[in-house]
S.K.: 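Handing you a structure now.
Reminder, nothing fancy here: chain letters follow the sequence lines and each chain counts from 1.
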2 protein chains.
Amino acid sequence: MLNVPAKPKITVAVVEDDARVRQHMANILKRAPDVACLGIFSNAEDAVREIPQLRPMVVFMDINLPDHDGVWAVQQLSPRSLQTQVVMLTVHDDTDTIFNSLAAGASGYLLKPIQSAELLSAVRTVSSGGVPMTSNIARKIIQSFGNATTASVNSNREEMACLTAREREVLECLAKGYLYKEVAELLKISYRTVHTHIEHIYEKLHVRSRTQAVAMFFDQKHS
Amino acid sequence: MLNVPAKPKITVAVVEDDARVRQHMANILKRAPDVACLGIFSNAEDAVREIPQLRPMVVFMDINLPDHDGVWAVQQLSPRSLQTQVVMLTVHDDTDTIFNSLAAGASGYLLKPIQSAELLSAVRTVSSGGVPMTSNIARKIIQSFGNATTASVNSNREEMACLTAREREVLECLAKGYLYKEVAELLKISYRTVHTHIEHIYEKLHVRSRTQAVAMFFDQKHS
DNA sequence: ACAACAATCGGCAGTTCTGCCGACAATGGT
DNA sequence: ACCATTGTCGGCAGAACTGCCGATTGTTGT
């Protein structure tokens with residue numbers, strides 16, 4: 001991160017069947033000065049055949065592929081190119097899929113749609129030995145772990161705890177299905193203030209929509 | 001005063017008994033402009049007593065401490081400082097130690113010797129809700145997890161009787177916070193079809209918004 | 001054969017939400 | 001006195017959602 005001259009670029013490959021997403025990722029990676037995208041594949045067969053020759057440091061692997069499962073592709077790749085780190089990139093956040101991927105040798109797990117900053121952060125994280133994953137994914141893993149023994153402390157409950165009383169009031173209204181303007185009426189504040197509270201709630205809970213926040217609210221309530 | 005967003009520094013504390021390592025980490029953290037190191041401790045007792053007052057966002061906790069186990073320290077700390085994330089920092093990579101640390105409430109697990117980039121990356125990762133750990137650690141967790149547990153995710157009550165199977169699928173996606181376009185990708189159908197299913201769901205459940213439908217979904221699920 | 005339904009698509013207007021730029025007053029702690 | 005936090009507001013652009021007008025293809029039951 002400091003003044004290190006002549007830093008070799010991080011080599012990357014992408015396996016993704018959706019042309020739109022593929023193009024999107026290519027654009028993001030192309031703009032990064034410290035990243036070199038060696039190849040982009042739309043199916044698992046091509047990827048498994050070509051990637052060992054390209055030897056990228058990082059592979060982003062979609063799970064929904066037309067010919068094979070992304071997990072299958074990881075299993076094929078891992079033994080062959082030991083220096084490659086694989087980051088799964090998918091919409092599935094169920095525990096089974098996550099665990100199968102990681103057990104197959106994946107080094108990270110991110111949920112689509114992925115933001116450009118998130119993607120580049122993942123590239124650098126994984127190339128420096130880290131494990132990029134969203135907080136929700138990590139929480140699933142840790143929670144599953146904690147279930148067997150003691151109480152898991154780092155859960156939704158803790159994220160809820162950092163909400164202020166007013167923010168919790170707003171979130172409860174959202175959980176009942178009220179519109180912004182209805183929340184405003186109920187709490188005797190302006191539409192704009194509801195708006196601001198919700199912005200803060202999203203930031204603190206690391207979510208990007210009302211329904212994600214409500215889902216987390218219910219998870220916490222019934223856990 | 002406002003033109004520079006006055007980004008608050010990430011506050012950090014370190015618990016580490018080896019003086020050399022302690023100094024090394026202090027130097028690294030001191031050089032980071034966005035990090036403020038509030039305290040460095042050489043034993044667990046001091047750390048457990050002082051850290052709740054300092055309220056750092058991140059604590060790096062060694063496991064080999066002279067007076068107590070680092071896991072013990074985490075257990076003491078977690079209930080008291082809810083906003084603090086703990087990253088274990090140790091030479092032990094055996095499954096039991098990792099397991100116990102995470103169960104005690106740790107948010108991450110890194111192996112010594114730690115590089116400066118790695119340390120700073122971990123600070124930022126954990127302060128933004130992530131979970132720093134090396135890929136080897138993550139794999140160990142996954143593997144040992146795979147032994148004990150089998151997934152039991154699908155507990156769908158068959159109420160919501162009026163909804164068709166497809167509509168319930170869509171509703172479950174909504175309950176996880178997906179956007180229309182994400183549901184479309186997940187179910188391999190078009191945006192417009194998702195739209196139509198949701199119209200039917202709203203009509204059958206007598207609601208007028210996504211969040212109301214999701215609230216009803218959760219009510220049914222947990223009743 | 002026909003009706004009813006389920007599942008899949010399209011367009012379009014209007015509403016709602018989200019993100020980002022700001023602001024100000026009150027409070028409490030250092 | 002100063003700073004951080006909280007709660008309260010405004011505007012605006014773009015994204016997402018909702019509602020309503022359609023449609024075709026199958027399946028199921030009568």
S.K.: Side chain of B/D62, backbone of B/T90: donor and acceptor closer than 3.5 Å?
M.R.: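 Not at all, since once roles are kept as given, no pair shorter than 3.5 Å links the two residues.
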
S.K.: Output the rounded distance in Å from CD (B/E199) to C1' (D/dG22).
M.R.: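 Spelled out: CD on B/E199 to C1' on D/dG22 is 11 Å.
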
S.K.: Rounding to an integer number of Å, can you tell me how far A/K188 NZ sits from D/dG7 C1'?
M.R.: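 Value for this atom pair: 18 Å.
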
S.K.: With sugar-phosphate meaning primed atoms plus P, OP1 and OP2, does B/T193 contact a base, only sugar-phosphate, or nothing at under 4.0 Å between heavy atoms?
M.R.: base

S.K.: Any idea which of D/dG10, C/dT16, D/dT6 is nearest the A/S190 side chain?
M.R.: D/dG10

S.K.: Rounded to whole Å, how long is the line connecting atom OH of A/Y180 with atom P of D/dC17?
M.R.: 12 Å

S.K.: Tell me: CG of B/L171 to C1' of C/dA6, nearest whole Å?
M.R.: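 The answer, rounded to whole Å, is 17 Å.
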
S.K.: If only side-chain N and O atoms of A/T164 are considered, is one of them under 4.0 Å from the OP1 or OP2 phosphate oxygen of D/dT6?
M.R.: no

S.K.: Contact class for A/R192 (heavy atom, under 4.0 Å): base, sugar-phosphate, or nothing?
M.R.: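 Here A/R192 touches the bases of the nucleic acid.
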
S.K.: Counting the atoms with a prime plus P, OP1 and OP2 as sugar-phosphate, which does B/S209 contact under 4.0 Å by heavy atoms, base, sugar-phosphate, or nothing?
M.R.: sugar-phosphate

S.K.: I need the minimum non-hydrogen distance between B/A213 and B/I201, along with the two atoms involved.
M.R.: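 Where B/A213 meets B/I201 most closely, the heavy atoms are CB-CG2, 4.5 Å.
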
S.K.: Give the rounded distance in Å between these two atoms: NE2 of A/H200 and C1' of D/dC9.
M.R.: 12 Å

S.K.: Would you kindly give the NZ-to-C1' distance between B/K181 and D/dC17, to the nearest whole Å?
M.R.: 12 Å

S.K.: If you check every side-chain atom of B/H197, which of D/dG7, C/dT8, D/dC9 has the closest atom?
M.R.: C/dT8

S.K.: Side chain of B/Y191 only, please: which of D/dC17, C/dT18, D/dG10 is the nearest?
M.R.: D/dC17

S.K.: So, B/R22 side chain and B/S42 main chain: donor-acceptor pair closer than 3.5 Å or not?
M.R.: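 Between the backbone of B/S42 and the side chain of B/R22 there is no qualifying donor-acceptor contact (under 3.5 Å).
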
S.K.: Check whether any side-chain N or O of A/Q212 sits under 3.5 Å from a backbone N or O of A/R208 as a donor-acceptor pair, and report yes or no.
M.R.: yes

S.K.: Answer with base, sugar-phosphate or nothing: what part of the nucleic acid does A/Y202 contact at a heavy-atom distance below 4.0 Å?
M.R.: sugar-phosphate

S.K.: Check the distance between D/dC9's C1' and A/R166's CZ and give it to me in whole angstrom.
M.R.: 13 Å

S.K.: Hey, mind stepping through B/V12 and B/V59 against side-chain contact (heavy atoms from CB on, under 4.5 Å) and telling me if it holds?
M.R.: CA-CA 6 Å; B/V12 178; B/V59 174; over 6 Å; no

S.K.: Could you state the CZ-P distance from B/R208 to C/dG14, rounded to the nearest angstrom?
M.R.: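 The distance from CZ of B/R208 to P of C/dG14 comes to 17 Å, rounded to the nearest Å.
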
S.K.: Are A/H195 and the base of C/dC17 stacked, counting only ring centres nearer than 5.5 Å and planes tilted under 30°?
M.R.: no

S.K.: To the side chain of B/I189, which of D/dT8, C/dT8, C/dT16 is closest?
M.R.: C/dT8

